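In what follows, every chain begins at residue 1, and chains take the letters A, B, ... in the order their sequences are listed. The shown structure was predicted, so the numbers you read here are calculated from the model rather than taken from an experiment.
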Amino acid sequence: MIITVDDIMDRYEQVIELAKRRGFLWNSFELYGGTAGFYDYGPLGSTLKRGIEQIWREIYVIQEGFMEIECPTIGIEEVFVASGHVGGFSDPLCECEQCKEAFRADHLIKHIMEEADGLSNEELDRIIEQNGVKCPECGGNIGNIYEFNLMFKTQIGPGSGRKGYLRPETAQGMFVDFLKLARYYRDKLPFGATQIGKSYRNEISPRQGVIRLREFTQAEAEIFIDPMVKSHPNIQRFENTSLNLYSDTAQEMGRSQIMTIREAVDKGIIAHEFLAYQVALVDHFLQRVGITADKLRFRQHRKDEMAHYAIDCWDAEVLTDRFGWVEVVGIADRTDYDLSAHAKMSKTELSIYSEYEQPRMVEKFVIKPNMGKMGPMFKDKAKVVAEALKALPQEAFEKEEIKVSVDGEDLTVPRELVEFVQETFKVSGENIVPHVIEPSFGIDRILYSVLEHAYDEEIIPAKASEGNNEDETRIVLRFRKEVSPIKVAVLPLLTRKELIEPAKEIVARLKDKGLMVSYDDSGTIGRRYRRNDEIGTPYCITVDYDTLEDNTVTVRDRDNMQQVRVSIDAIDDVLHELLYKGKEFETVGKPL
RNA sequence: GCGCCGAUGGUCUAGCGGCUAUGACUGGGGCCUUCCAAGCCCUAAACCCGGGUUCGAAUCCCGGUUGGCGCACCA
């Protein structure tokens, strides 16, 4: 029996070990002992991350047309008061002194006070003490209340400057810039904006490596749509796409179902077509960066876990070896919650004028005081009397005499001084507050998932001819070529000047084409192939003595170790077709 | 934040109060080598931090940091 690393390490450990060793991920500040919740992306890690982000941009920014913006990572207090983060993110906690169970203080006194939200910690302490509130678990005494706030607080400017917070999500920037974005998009719904950047949450106890960080990268799109139009013009693109849906009812049954987008919309499982399109788009993105299809599902938020303002919310979840299903993307219909909240806070109308397809004719009861007669009768009061008349309800005009009260004075207006008619108006549109569809991506979690799903160990049987009977393990990161940090390695077969020189020429040529290319002449060729397998380099080019004869090189495929012979003159075209055009490996040259 | 368990070169590891700290792999330099971690020579590299106990601490004790797991938290 062969003992592989599988037997002693779980997949997470193997992946993280490789990631640290090869320069994908490093613990931050390790020189000083490290700090939980922070990771550095090493040379290969940040290249991989950029590749993933680039695909995201291609889909969301270029294809969907949601332009990218960049807002400060520090936000002022008002923004997060409006968003609910200041209130909702700062809960008063207290612990039982006996069993150490932690509770939210305001929850403990719910039965005493209905409205516990607005109370200060001192008041909460006092209420708990006066009412003799005990630990609901073990009956022990409740310790003093402390505040925990998941937002990092900072100060803007010197002294007692303005309060600021590191943003806990990138989304708010798009909401705050809503009017400017609307103008950029020339006041037409739907439109969207995106942002890729760092967000910060001061997690109480971050664990699980890169799955839960204190500083992390989000990619978010905020798509503003007409609340009355939740269809999607391009839905036919995904209609027949089958997704692994774990809906509210499916969760009750404990089993997800494979279903087409069309079916999910028709059966009302996904709230509406526009959201369904976004769910399918997330699926498209995740598979393109290399998430394994059968380790991906979309889980609907249960009614009780959904934010109160959301209509429907789906999480893309990825199956990982150690952590089980991990949420990597959330897709929510947040309705007009965010825009309305910011409108209220800023006292600015955040709406958009939406023109109807057809102008609508609206009937209205209109009061027209005859000012020519009102003037002589009411003199300087004529104007206020007229205003008062206009404010009266329709019934007031059904009587013989019309009574109005102006400045505490009751006046009687003869009927003939007022005309009232049903008039028909043309209304061509109205101000509406758009609804927001928000797909929100945790890039770090996606990157980890990509690493784990790409990780593979292959047993290479021992070669009897060489006398060793030890099987060996080949570790390969089977990245999608598009995301591989290094696209191609150029290797002289032997460390000899006459092979090194042409190899370096090839490196220079490929660099000119903008390819991320590496050069390696240390150790035997087999060792160098394995090194490149381990970091997921899709192709290796080897320069040998035949190269000097006929100007060809071998190209080796990472996944199956096969080789073809290709002319040097064609090498950049061949690589381009292999990497980006999906060309079959066997067709690009003569197999060896 | 609480509880339990761990921490030795880049990685894995030996060590059980008496070292100049073991070994392998990896890395670097060289020799050799005509395609999948071969061989030979040379070389670099570690006891998480701080206190204590002791003649003497990688080893025992305490505190911290950090990693894993469980509880809580995850808007």
Side-chain angles (χ1 to χ4, degrees), chain A residues 5 8-10 12-14 16-18 20-23 26-38 42 80 83-91 93-104 137 143 146 148-151 168-169 201-209 211-214 305-310 322-323 326-327 330 442 458 460 463 465-468 470 472-476 491-496 498-499 522-534 540-549 553-558 560-563 565 592:
Chain A
V5 271
I8 42 175
M9 288 199 260
D10 73 357
Y12 172 81
E13 232 171 323
Q14 293 169 292
I16 291 295
E17 191 272 325
L18 170 62
K20 287 183 176 173
R21 193 158 40 83
R22 288 303 193 184
W26 294 324
N27 282 109
S28 296
F29 319 120
E30 212 166 53
L31 183 63
Y32 292 103
T35 299
F38 296 97
F80 300 117
S83 71
H85 286 100
V86 166
F89 234 28
S90 154
D91 294 325
L93 271 201
C94 56
E95 261 176 35
C96 168
E97 288 171 345
Q98 195 172 308
C99 69
K100 303 295 180 191
E101 195 79 22
F103 303 97
R104 278 185 54 173
E137 292 292 318
Y146 58 91
F148 85 93
N149 193 333
L150 259 51
M151 280 196 292
E169 59 175 26
R201 296 177 191 185
N202 201 0
E203 298 285 351
I204 297 171
S205 142
R207 301 262 182 87
Q208 308 165 323
I211 301 293
R212 215 155 134 230
L213 296 169
R214 289 191 166 121
E305 74 177 297
M306 198 149 47
H308 62 277
Y309 47 81
R322 179 182 284 193
F323 308 118
V326 171
E327 174 196 349
E458 198 175 73
I460 307 289
K463 277 187 294 184
S465 59
E466 284 174 14
N468 57 337
E470 285 277 303
E472 53 169 336
T473 311
R474 183 174 82 112
I475 296 175
V476 197
L491 320 167
L493 183 62
L494 303 171
T495 326
R496 294 220 177 119
E498 61 271 29
L499 299 180
S522 127
T524 62
I525 189 70
R527 181 188 297 277
R528 283 176 275 158
Y529 284 149
R530 294 304 165 80
R531 269 204 281 256
N532 278 290
D533 290 341
E534 214 177 44
C540 292
I541 291 174
T542 306
V543 175
D544 57 21
Y545 279 94
D546 290 345
T547 307
L548 306 180
E549 301 285 314
V553 288
T554 59
V555 178
R556 170 188 180 270
D557 185 295
R558 171 196 72 199
N560 52 25
M561 302 191 282
Q562 284 172 1
Q563 292 181 307
R565 199 86 201 167
L592 290 189

Using nucleotides 64-70 of chain B, report all nitrogen or oxygen pairs with the protein that are shorter than 3.5 Å.
residue : atom : partner  : partner atom : Å
B:G68   : O3'  : A:Arg322 : NH1          : 3.1
B:C69   : N4   : A:Arg207 : NH1          : 3.4
B:C69   : N4   : A:Arg207 : NH2          : 3.0
B:G70   : O6   : A:Arg207 : NH2          : 2.6

Problem - Watson-Crick/G-U partner (both atom distances under 3.5 Å) of B:G3 - result: B:C69
Handout entry: Distance between P atoms of B:C2 and B:U59 (Å, rounded)
Key = 25 Å
Fill in the blank from the handout: Any strand, both distances under 3.5 Å, Watson-Crick or G-U wobble: B:C19 pairs with none
Exercise for the section: Check side-chain contact (heavy atoms from CB on, under 4.5 Å) between A:Tyr309 and all other residues, then give those that pass, not counting sequence neighbours. Expected result: A:Ala307, A:Arg334, A:Thr335, A:Tyr337
Fill in the blank from the handout: Between A:Val543 and A:Glu169, whichever has its closest RNA chain B nucleotide further toward 5' is A:Val543
Problem - P-based separation of B:U13 from B:G50 [nearest Å] - result: 24 Å
Exercise for the section: Please identify each residue that fulfils ring-ring contact (aromatic ring centres under 6.0 Å, His included) with A:Phe323, with sequence neighbours left out. Expected result: A:Tyr12
Exercise for the section: Give one of base, sugar-phosphate or nothing for A:Arg212, where a contact means two heavy atoms less than 4.0 Å apart. Expected result: base
Completion exercise
If pairing means Watson-Crick or G-U wobble with both distances under 3.5 Å, then the partner of B:A75 is none
Handout entry: side-chain contact (heavy atoms from CB on, under 4.5 Å) involving A:Met306 - partner list, sequence neighbours excluded
Key = A:His301, A:Ala310, A:Cys313
Handout entry: Rounded C1' spacing from B:U26 to B:C12 in Å
Key = 10 Å
Exercise for the section: Pick base, sugar-phosphate or nothing for A:Arg556, based on heavy-atom distances below 4.0 Å to the nucleic acid. Expected result: base
Problem - Proximity to the side chain of A:Glu17 - top-ranked nucleotide from B:C35, B:A37, B:U11 - result: B:U11
Practice task
Only counting residues at least two apart or in another chain, list the ones meeting side chain to side chain donor-acceptor pair (under 3.5 Å) with A:Arg21.
Solution key: A:Glu17, A:Glu534
Exercise for the section: Considering only atom P, compute the distance from B:C62 to B:A44 and round it to an integer number of Å. Expected result: 39 Å
Exercise for the section: Would you mind reading off the distance between A:Met306 atom CE and B:A75 atom P, rounded to a whole angstrom? Expected result: 14 Å
Protein-nucleotides 24-28 of chain B N/O pairs under 3.5 Å:
residue : atom : partner  : partner atom : Å
B:U26   : OP1  : A:Arg527 : NH1          : 2.6
B:U26   : OP1  : A:Arg527 : NH2          : 3.4
B:G27   : OP1  : A:Arg531 : NH1          : 2.1
B:G27   : OP2  : A:Arg527 : NH1          : 3.3
B:G28   : OP2  : A:Ser522 : OG           : 3.4

Practice task
Check for a donor-acceptor pair, side chain of A:Arg528 on one end and backbone N or O of A:Leu493 on the other, with a separation under 3.5 Å.
Solution key: yes
Handout entry: With A:Ser522 via side-chain contact (heavy atoms from CB on, under 4.5 Å) - residues at least two apart
Key = A:Asp520, A:Arg531
Problem - Flag side-chain contact, heavy atom, 4.5 Å: A:Met561 against A:Cys540 - result: no
Practice task
Between B:C73 and B:G63, how far apart are the C1' atoms? Round to whole Å, please.
Solution key: 26 Å
Fill in the blank from the handout: Applying side chain to side chain donor-acceptor pair (under 3.5 Å) to A:Glu498 and not counting sequence neighbours gives A:Tyr545
Practice task
Can you tell me, in whole Å, how much space there is between the C1' of B:C25 and that of B:A57?
Solution key: 30 Å
Exercise for the section: With sequence neighbours excluded, tell me which residues meet side-chain contact (heavy atoms from CB on, under 4.5 Å) with A:Thr547. Expected result: A:Val543, A:Asp544, A:Val553, A:Arg565, A:Ile568
Problem - side chain to side chain donor-acceptor pair (under 3.5 Å) against A:Thr495, all qualifying residues, sequence neighbours excluded - result: none
Fill in the blank from the handout: By the Watson-Crick or G-U definition, both distances under 3.5 Å, B:A24 is matched with B:U11
Completion exercise
Result for side-chain contact (heavy atoms from CB on, under 4.5 Å) between A:Arg530 and one of A:Ile460, A:Val476, A:Ile475 points to A:Ile460
Handout entry: Nearest-Å distance for atom pair CD/C1', residues A:Glu30 and B:G9
Key = 13 Å
Practice task
Considering only atom P, compute the distance from B:G15 to B:A72 and round it to an integer number of Å.
Solution key: 38 Å
Exercise for the section: For the residue pair A:Arg322 and A:Glu13, establish whether any side-chain heavy-atom pair is separated by less than 4.5 Å. Expected result: yes
Exercise for the section: Could you tell me whether A:Glu203 contacts a base, only the sugar-phosphate backbone, or nothing, with contacts defined as non-hydrogen atoms closer than 4.0 Å? Expected result: nothing
Problem - Atom C1', compared across B:A38 and B:C32: separation rounded to whole Å - result: 11 Å
Practice task
Check the distance between B:C35's P and A:Ile525's CD1 and give it to me in whole angstrom.
Solution key: 10 Å
Exercise for the section: Provide, to the nearest angstrom, the distance between the CD1 atom belonging to A:Ile475 and the C1' atom belonging to B:A37. Expected result: 11 Å
Please tabulate, one pair per line, each protein N/O and nucleotide N/O from nucleotides 31-34 of chain B that are separated by under 3.5 Å, including the distance.
residue : atom : partner  : partner atom : Å
B:U33   : OP2  : A:Arg496 : NH2          : 3.4
B:U33   : O4   : A:Thr495 : N            : 3.3

Handout entry: Counter-base of B:C40, judged by Watson-Crick or G-U geometry with both distances under 3.5 Å
Key = B:G30
Fill in the blank from the handout: note: A:Gln562, atom CD; B:C35, atom C1'; distance rounded to Å ~ 14 Å
Practice task
Could you check how far CG of A:Asp557 sits from P of B:C36, rounded to whole Å?
Solution key: 16 Å
Exercise for the section: Only counting residues at least two apart or in another chain, list the ones meeting side chain to side chain donor-acceptor pair (under 3.5 Å) with A:Thr554. Expected result: none
